[in-house]
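Every chain is numbered from 1 and lettered A, B, ... according to where its sequence line falls, protein lines coming before strand lines.
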Number of protein chains: 2
Amino acid sequence: MFSKACEYGIKASIFIAINSYEGKRVSPKEISEEIDSPRAFTAKILQALVKHNVINSVKGAHGGFEIDKKDISSIKLSQIVNAIDGDKIYSGCGLGLHRCDENHPCPVHDKFKTIKAELKDMLEHTNLEQLALDIKSGVSFLKI
Amino acid sequence: MFSKACEYGIKASIFIAINSYEGKRVSPKEISEEIDSPRAFTAKILQALVKHNVINSVKGAHGGFEIDKKDISSIKLSQIVNAIDGDKIYSGCGLGLHRCDENHPCPVHDKFKTIKAELKDMLEHTNLEQLALDIKSGVSFLKI
DNA sequence: TTTATTTCGGATAAAATTATCCTATTTATA
DNA sequence: TATAAATAGGATAATTTTATCCGAAATAAA
Ligand code: FES
Ligand code: FES
């Protein structure tokens with residue numbers, strides 16, 4: 001569904017959000033341990049998320065990654081996915097035609113249409129705060 | 001969503017089905033031209049589909065790939081996808097946890113649940129005949 | 001039985017994705 | 001100002017996916 005990079009990016013963002021609520025910045029080391037991902041690779045993904053303004057980085061001593069508390073509830077899953085995988089997952093053709101086009105549909109276009117629309121809708125309406133709260137309350141998990 | 005191999009496998013199966021209705025066997029060359037895919041790679045995928053009993057192959061002169069006419073309407077998209085990509089697309093965890101488990105859910109488990117179920121349902125209820133007929137009647141397309 | 005045609009299958013190769021390592025740069029603080 | 005702590009970013013490696021090539025095996029027909 002998503003690339004490994006995107007999976008790591010989503011989980012990392014959630015972990016950063018949780019810590020940001022407590023005013024704590026986190027490092028790639030902490031993040032990769034908490035989400036069970038390769039450290040250096042995760043660091044690269046964090047850089048990409050910073051470039052796309054999903055998370056903030058603070059360089060130097062006492063630095064780390066954080067998200068503005070006030071932004072956590074407005075950051076949508078779709079922003080993270082788009083920053084890493086682009087929008088092909090719900091905009092591209094399910095069978096790889098150059099573009100998904102109502103006027104030149106592939107054989108599964110109609111069957112995929114609703115599924116892709118729901119996926120898009122879900123990603124665009126799910127925010128980091130909801131996901132972070134579930135982790136905090138022990139309802140969901142970031143690894144294993 | 002699907003791997004390239006799976007996309008090719010689905011399109012190839014549809015093209016073989018169309019020709020099988022007319023009692024015609026087709027070669028990897030014809031198939032790859034019709035679905036716009038790399039020939040040798042497509043041939044490998046066809047071998048896999050044969051092994052999984054999705055399509056039949058006939059070796060030697062006048063051979064080629066075909067599907068029993070009577071089977072076309074009962075072959076489901078899910079069989080093709082499973083033969084090539086497995087079932088991780090709708091059974092695996094969307095965030096890469098070792099397994100998707102109701103009792104140990106990842107942060108997006110609930111949000112993905114319905115989407116994955118619909119995808120599974122769609123794949124299991126879409127058969128090759130429906131897809132082939134749309135191509136035949138010019139309603140949908142296998143390439144570009 | 002020979003030949004032409006076709007799939008099968010193994011060996012590579014190319015490209016993309018995933019992963020690692022090392023140095024440069026930035027920054028707080030002693 | 002010097003030092004330690006941290007992200008940034010380039011180079012490289014490993015792995016997986018995608019793709020190519022070629023000879024072996026099977027088969028129909030001459
Ligand atoms: S054209 Fe293939 S999904 Fe729309
Ligand atoms: S545990 Fe992640 S989708 Fe079910």
For A/Gly63, report the nucleic acid contact type (base, sugar-phosphate, nothing); a contact means any heavy atom under 4.0 Å.
sugar-phosphate
Roughly how many Å is it from CD1 in B/Ile45 to C1' in D/dT17, rounded to a whole number?
11 Å
Are B/Glu118 and B/Tyr90 close enough that a side-chain donor and a side-chain acceptor fall under 3.5 Å?
no
Earlier contact from the 5' end, DNA chain D, for A/His62 and A/Gln47:
A/His62
Any chance you could lay out the side-chain hydrogen bond (donor to acceptor under 3.5 Å, both in side chains) test for B/Ser32 and B/Ser37, step after step, and finish with the verdict?
CA-CA 5 Å; B/Ser32 61; B/Ser37 68; 5.0 Å; no
Which heavy atom of B/Ile35 sits nearest to which heavy atom of B/Phe15, and what is that distance?
CG2-CB, 4.4 Å
DNA chain D: 5'-proximal contact among B/Phe41 and A/Ala61 (nearest heavy atom)
A/Ala61
Determine whether the aromatic ring centres of A/Phe2 and B/Phe112 lie less than 6.0 Å apart.
yes
In terms of relative ring orientation, are A/His104 and B/Phe141 parallel, tilted or perpendicular, with 30° and 60° separating the classes?
parallel
Rounded distance (Å) that lies between atom C1' of D/dA5 and atom CD of A/Glu30
13 Å
Walking along DNA chain C from 5' to 3', note the first and the last nucleotide with an atom under 4.0 Å from a heavy atom of chain A, and give both.
C/dT18 to C/dT29
Taking atom types as modelled and ignoring hydrogens, do the side chains of B/Asn127 and B/Ser73 form a donor-acceptor contact shorter than 3.5 angstrom?
no
